[in-house]
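Hydrogens, waters and symmetry mates are skipped; everything else that's a heavy atom, side chains included, is used. Chain letters run A, B, ... following the sequence lines, proteins first and then strands; every chain starts at 1.
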Amino acid sequence: MVPSHLRLPLRFVLRIFLHHRWRVAATVAGIATASLLILVQASFFFGFRDAVTAVPLRAKADLWVAASGFRYFDLTRQLSDRDYYQVIRHPAVVQATPLVARFAEWRRPDGGQELVQVIGFPLEADIDLPWNLPDEQRGALGLPDTAVVDAIYRDKLGLTDRDLSAEILGRRVRIAGTTTDIRSFSTAPLLFTEYRAAQSYGWIFGDQFSYLLVRLVPGSDLESTRTGLVALGNGELDVMTPAELADKTTAYWMRTTGAGLGLATGIAVALLIGSSIAGLSLHTMIQHYAEEYVCLRVIGASFPFVAAILVAQALLFMASASGIAVILANVLSRQIRAAGGTTLLPGWVSLATCAVLVAIGVAMALFSAHRIIIRAEGAAR
Amino acid sequence: MSLALACRGISKRYAASGTSPLTVLRDVDLTLHFGRLSVLMGPSGSGKTTLMRIASCIAAPDAGEVTVMGRTVAALSPKERARLRARHFGFAFQEPRLFDALTAIENVLVGLAISGHVGADATRRAEQALAMTDIVDRATSYPRELSGGQKQRVALARALAGERGILFCDEPTASLDAAAARDIAALLRRLVESHGCAALIVSHDRRFLSVAHEGFSLQDGRLAALDTEGAGA
C-alpha cells in the first residue's frame with residue numbers, strides 16, 4: 001500500500017513516463033548505456049581476477065606453502081621433499097599435499113605448439129582439483145599419461161574427437177576428461193594431471209614441486225601455525241592463506257602487467273564516465289520541467305513534495321535503466337565467456353552498480369529539488 | 001471590505017557587481033482587500049515583480065513589514081511561508097506553467113494536493129475551479145490541446161482551487177492576443193467579485209485599469225495611485 005502523500009508524486013511520475021515515451025526512452029537508453037559501460041568493464045576486471053586466482057581459491061587448503069620470495073601463483077621457485085618433511089613435522093598439520101604448477105610446451109597433433117600451465121597433484125589427495133569435471137570423468141586421471149583440460153581450449157590445443165593425444169617434452173599426453181568454465185588469464189590453458197606426470201611435463205626433478213597445500217588439525221590456531229611453519233623453514237618458506245596468495249597474485253598481475261592495471265583503470269574510468277552520463281541524462285529529464293517545479297514551489301509546495309516527485313522520477317529511471325543494463329551485461333558477459341573470454345559478472349557487482357546508480361539518481365534529485373527551492377525563493381532575496 | 005494583506009514601509013535593494021546597490025523599492029505601502037481587484041503598473045525594471053514577490057511571501061524585504069490577514073510574516077521560516085502560500089495564495093504567471101503530461105484537471109489537482117486536498121474532495125474542488133474559469137468542458141484535455149487563453153484559464157483555476165483567498169497574477173495576459181487578454185481581464189474581475197478574494201495583478205496591460213477596483217503605478221521605487229474605471233463598480 002502506497003502512503004497517501006506519495007501517491008500523487010508516483011502517479012505524476014508514471015504519467016511523465018507514459019506521456020514522454022520517446023524522451024523517456026532516450027533517457028533510459030542513455031542511462032542504460034552508461035550502466036552497461038560500467039558493468040562490462042567490471043565483468044572484464046572480475047573475470048581477470050577470477051582467472052588469475054582460480055586455483056588458489058578453489059583448491060582445498062588452510063595454508064599454502066611456497067618457496068620464499070613468492071610473487072605470484074604462476075611462477076615460483078620449487079620446493080623439495082626436505083620442505084615437505086619440515087612442514088609435516090608441525091603438530092597442527094594434518095595433511096600436506098604437494099602441487100606442481102609449471103608452464104610447458106604442448107605440441108599439437110598437427111605439429112603446432114601452444115603454452116599450457118600444468119597443474120599436477122597426487123590423485124589420492126582431497127584438494128578438490130580440478131573442479132567442474134563431470135562425475136563420470138572423475139577417474140579420468142587414473143590412467144597413465146592422461147590430463148584434463150577445459151572444453152573451450154580443445155581447438156586451441158588442436159584436439160579433435162578422433163585425436164585427443166599430443167606431446168609435452170616428447171612425452172605422450174592424452175586428454176581423458178574436459179571441464180567447463182575454467183579460464184586462464186595468461187592464455188595458457190590449465191592442464192590438470194597426475195603429480196609425477198606433471199613433474200615430467202614441467203621438467204623438474206622427482207623430489208621437486210611448486211607448493212604444499214596444508215590442512216590443519218581442526219581447532220588449531222592458524223596464525224601460530226603459520227609462524228611455526230615459517231620458523232621451521234628457516235626463512236626459506238613463505239606461508240599464506242588462500243586469500244593472501246590470491247591477493248598477491250592479483251596485485252602482481254595488476255602492477256607488473258599493463259593488462260591488469262588497464263582493467264582496473266578501465267573500471268574506474270567507466271564508473272566516472274558512466275555515472276556522469278547517467279547523472280546528466282537524468283538531469284536533462286528533470287530540467288524539462290524545471291520551470292514547472294519552480295512554479296510548484298512558488299504556489300506553496302514543500303521541499304519534501306518537490307523532492308518526492310524528483311526522487312520517484314530518479315528511482316524509476318535509474319532502476320529501469322540499470323535493470324536493462326544488468327540483463328544486457330550478463331548476456332554479454334556470458335557470451336564472451338562462452339567464447340573463451342575471461343569475463344565474469346558476480347551478482348553482487350550487478351547489485352552494487354544498480355545501487356550506485358540509484359544513489360546517484362537520488363542525490364541528483366535531491367540536489368535538483370534544492371536548486372528549485374533556491375530558484376523559486378533565492379533570486380529576489 | 002476587510003483587509004487581506006498589507007505591506008508597510010517596504011524597501012528593497014539589489015547588490016550589483018561593480019556599481020552601487022540598486023534600490024528598487026523605497027518605503028512602499030500597499031494594501032489588498034477581499035473582493036477587490038488591484039492592478040500594479042509601471043515600466044520594465046521598476047520593481048513590480050519584486051513587490052509582488054515580497055507581498056506574496058516568496059522574497060523578503062530589506063525593510064518594512066508584510067502582514068497576511070493580520071499575521072506578520074517576517075518571523076516565518078521558508079517552510080512556514082511555503083505553507084502560508086499553499087493555504088491562502090493563488091498564483092498565475094505570464095506562462096501558465098502547466099505540466100504537459102497532465103490533463104487540465106490533473107494540473108489543478110496538483111495545486112490542490114499542495115494545499116492538502118486529495119481524493120474525491122479534491123476532484124470536486126478542481127471541477128468547481130474549472131467551472132469558475134469557464135474551462136470545465138476541457139478538463140480532460142492536455143495543455144498542448146488548449147489555446148493560450150484556455151491554458152491561462154486552467155492556470156487561474158489552479159490558483160483559485162482550494163479556496164485560496166488572495167490571488168497574485170504576474171503579467172497574466174502578456175502572451176495572449178487582444179481578445180483572449182480582454183476575456184482574461186474580465187474573468188479576473190468576475191472571479192474577484194463572485195469568489196470574494198483579493199487579487200493583485202502586475203501588468204503592462206492598461207486594459208486592467210478598466211476592470212480594476214484600484215490601480216497603482218510604481219516608478220523610481222515609489223508607489224502612486226492610478227485612476228481606474230472599475231473603482232466605482
Q.
Between B/Thr103 and A/Arg15, does the side-chain contact (heavy atoms from CB on, under 4.5 Å) criterion hold? Intermediate values first, please.
A. CA-CA 10 Å; B/Thr103 61; A/Arg15 293 298 300 276; 4.2 Å; yes
Q: Sort A/Phe303 into side chain, backbone, both or neither according to what part of it lies under 4.5 angstrom from a heavy atom of chain B.
A: neither
**Q.** Proximity breakdown for A/Leu18 and chain B, heavy-atom pairs closer than 4.5 Å
**A.** neither
Should the heavy atoms of other residues, nucleotides or ligands under 6.0 Å from [atom1] of [X] be counted, would the total exceed 12?
{"X": "A/Arg255", "atom1": "CZ", "answer": "no"}
{"X": "B/Arg144", "atom1": "CZ", "answer": "yes"}
{"X": "A/His370", "atom1": "NE2", "answer": "no"}
{"X": "B/Asp29", "atom1": "CG", "answer": "yes"}

(Q) Within this structure, what is the NZ-OG distance for the pair B/Lys79 and A/Ser302, rounded to the nearest 0.5 Å? (A) 8.0 Å
Q. Less than 4.5 Å apart, any side-chain heavy atom of A/Cys295 and any of B/Arg158?
A. yes
Q.
Set out, in order, the CA-CA distance, both residues' side-chain angles and the distance that settles side-chain contact (heavy atoms from CB on, under 4.5 Å) for B/Arg85 and A/Ile299, then state yes or no.
A. CA-CA 6 Å; B/Arg85 290 200 299 274; A/Ile299 67 176; over 6 Å; no
Work out which heavy atom in [X] is nearest to a heavy atom in [Y]; give both atom names and the distance.
{"X": "A/Phe305", "Y": "B/Ala113", "value": "CE1-CB, 4.2 Å"}
{"X": "B/Arg53", "Y": "A/Ala376", "value": "NH2-O, 2.8 Å"}
{"X": "A/Arg297", "Y": "B/Ala82", "value": "NH1-CB, 3.5 Å"}
{"X": "A/Gly300", "Y": "B/Ala86", "value": "O-CB, 3.6 Å"}

Q: Sort by residue number and list every member of residues 89-100 of chain B having a non-hydrogen atom under 4.5 Å from chain A.
A: B/Phe91, B/Phe93, B/Arg97, B/Leu98, B/Phe99, B/Asp100
Q.
At a heavy-atom distance under 4.5 Å, which candidate from A/Ile16, A/Val298, A/Val294 has the highest pair count against chain B?
A. A/Val298
